[in-house]
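Encoded as structure tokens, the structure appears first; notes follow it.
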Amino acid sequence: MTLSPRRLAIDYGLLILLAGLVAVFAVAEPAFLRVNNLFSILQAVAIVALLGVGVTVTMIAGGFDLSVGGLAAFVQMAAAYSLVVLDGSTGSAILLCLGLGILVGLGNAVLIVRLGIPDLLATLGMLFLLAGLQLVPTGGRSIAPGLILLDGSTAQGTFTDGFLALGRHRVWDILPVPVLVLAVVAAALWLVMAWTRFGRVFYAIGGNELAARLAGAPTRLYRVAAYVISATVASIGGILLAARIGRGDVSAGNGLMLDAVAAALIGHAVLGANRPNILGTVVGAVFVGVLLNGLTMLNAPYYLQDLVKGAVLIGALAVTYGLAPRRA
Amino acid sequence: MSRAQARPSRSISAAELLRFGLPAMLALVLAVFSALAPGFLTVANVTGVLVNSVALNAIVALAMTLAVASGGTDLSVGTAVDLGGLAFIAAVSAGQPVALAVFFGLLAGIGTGLFNALLIARLGVTPFLATLGTLFIGHSLQQLATDGGNPVYVPAGRITPALALIGHGSCLGIPLSLWLVLLLSTGIGLLLTRTRFGREVLAVGIQAPAALYSGLPVRRILALISIASGTIAALAGILLSAHVNAYVPYAGNAYLLDSIGAAFIGTALSRTGRANVPGTLLGVALFGFMTNGLLLIGWNFYWQQVGTGVLILLTLILAFAGRERVG
């Protein structure tokens, strides 16, 4: 295919824009390009990017998971409860969180795949459920060491150093653990989705489930897998969130869902994929992170942040929908 | 219409379940709470639920119903509620006549809808994504307009009888907001079921490409629906802010998930599987009475949230377990 300017804009528009932004910010504020700052940006977007990657897997299989943000917040509270109230170890907290994530993923899968409830509705119901459940054990209060429990006693546990390190430690003093986790998870899922026959089947189901089934693919199994993967990745995000803030915060999940969905949608526009893809989602999240970090360095007011996110989302959509050839 | 009759007899129960699922669920909720909470089925309480919770939720959910009928989801209804309330309160606070303030409030809703229409009809962006962008931008606009999210209170001297009338007025003993619900649901219900335009909207919602090839002006229809949805949601924002004599930033977002829930439950539980006004209203009422009932029997707000989640899922399971046997 010849490389027309139009094709160039579709395929590389977002990446060129990202490079341009980095250049502008680097010139305006030299500190922007410091390695430390770049990793701070990645650390800031790691959790949203993880959730976005999870949503992307369900989108690839033709579904949608609205519950990832609620699940991450729920898991974050569960981790804090396990550590502070139950005085559990790092390992038990992590196992509990992953177990809860898989359970929620299976729950979503039963509702959507087994009972045939539309994905948006089923995961919306799950979102409500999780948002309420996370408040139940503590009566709606955030969890920090020394919390007074509902029966009047004081919680004995505390966040272990090992657990906190998951959110705060920097490998070789430079690479934050959440970024490492994101890199591993995203790379693994990207390899599977883009390069293996399993990935092909996920995309085939997203394209036309009936056709995929008639071609012999166990489509229900794959769709179940998609929701379980999405929920597991979201619960990893929740663990990192708890480790990062060092408490169980009832409002920590606010906005996570929309940010993650936005990242996944911006990702459609990366490399002209015009469909959900793992790499694109990560680039989408990083793009928003770079923009917000740069604007903050240039002293833009914080309340421009959502305006920027909205503008980027719409810009990406305009590129994907406006320039790409119409598919009726 | 004859779909139910054409099916073999063993599936009638499933078809009946779909037709009566929502009213039956509402009746069940009402029955259970009347038994558990003595104060539940009293005129005062029922009126309170209808006025304080159902009315505004219903208006926003009706806006959502239009969007769902045309095959989309309007994530910016809460934004339109907020921007409508902001424009209204700003105009009232600046000493403008209330009628003009209402006009400004509606204009904000129309603006929100127009922006969506531009993205959806002009650029061809999927409604879900386009309105997500609008949601973000609306959030920032409110922060910009209020120095980062401070409420705007109407100065005491500007609280005129006209403002009080919009916020607290009633006619024949029925509050203004409920009249508006009645008016809007009749209007939208007739529009969707009895007019040519309504049929065109539903046709676009079911199969947009087919509608396009049949010669329907799909883009114009989607644009009109976006604008209508924004305007109706802004009405709720005007009523809300007139009721409390203030504009509270992002208050409208509380309506988003409830309105999606109500409109989609109404759609899922209708026999035709299409968005419809009675279904949406029943969905809103179900949520409203459920929350109120749980409150009366002494459950905390977070248990109410759990209850709402369980209720949504139970209703859906009931509906789709029945549907699967039919299909």
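- Within the 4.5 angstrom heavy-atom criterion, only side-chain atoms of A:Leu124, from C-beta onward, approach chain B.
- The shortest heavy-atom contact between B:Phe136 and A:Ala262 is CE1-CB, 3.9 Å.
- Residue B:Leu135 touches chain A through its side chain alone, counting heavy-atom pairs closer than 4.5 Å.
- In this structure, A:Leu307 and B:Ser140 approach most closely via the heavy-atom pair N-OG, 2.5 Å.
- Contacts of B:Ala208 with chain A are absent, with no heavy-atom separation under 4.5 Å from either backbone or side chain.
- Here CG of A:Leu66 is found 7.5 Å from CD1 of B:Ile260. Values are rounded to the nearest 0.5 Å.
- By the ring pair (Phe, Tyr, Trp, His ring centres under 6.0 Å) test, A:Phe64 is found to be paired with B:Phe128, residues two or more places apart in sequence or in another chain being considered.
- The CZ atom of B:Phe264 sits 13.5 Å away from the CD1 atom of A:Ile117 when rounded to the nearest 0.5 Å.
- Contacts with chain B were tallied for A:Leu111, A:Leu129, A:Leu127; A:Leu129 has the most, counting heavy-atom pairs under 4.5 Å.
- Within 6.0 Å of atom CZ in A:Arg141, more than 12 heavy atoms from other residues, nucleotides or ligands are found, so the atom counts as buried in its surroundings.
- Interface remark: B:Leu119 contributes side-chain atoms only to the contact with chain A (heavy atom separation under 4.5 Å).
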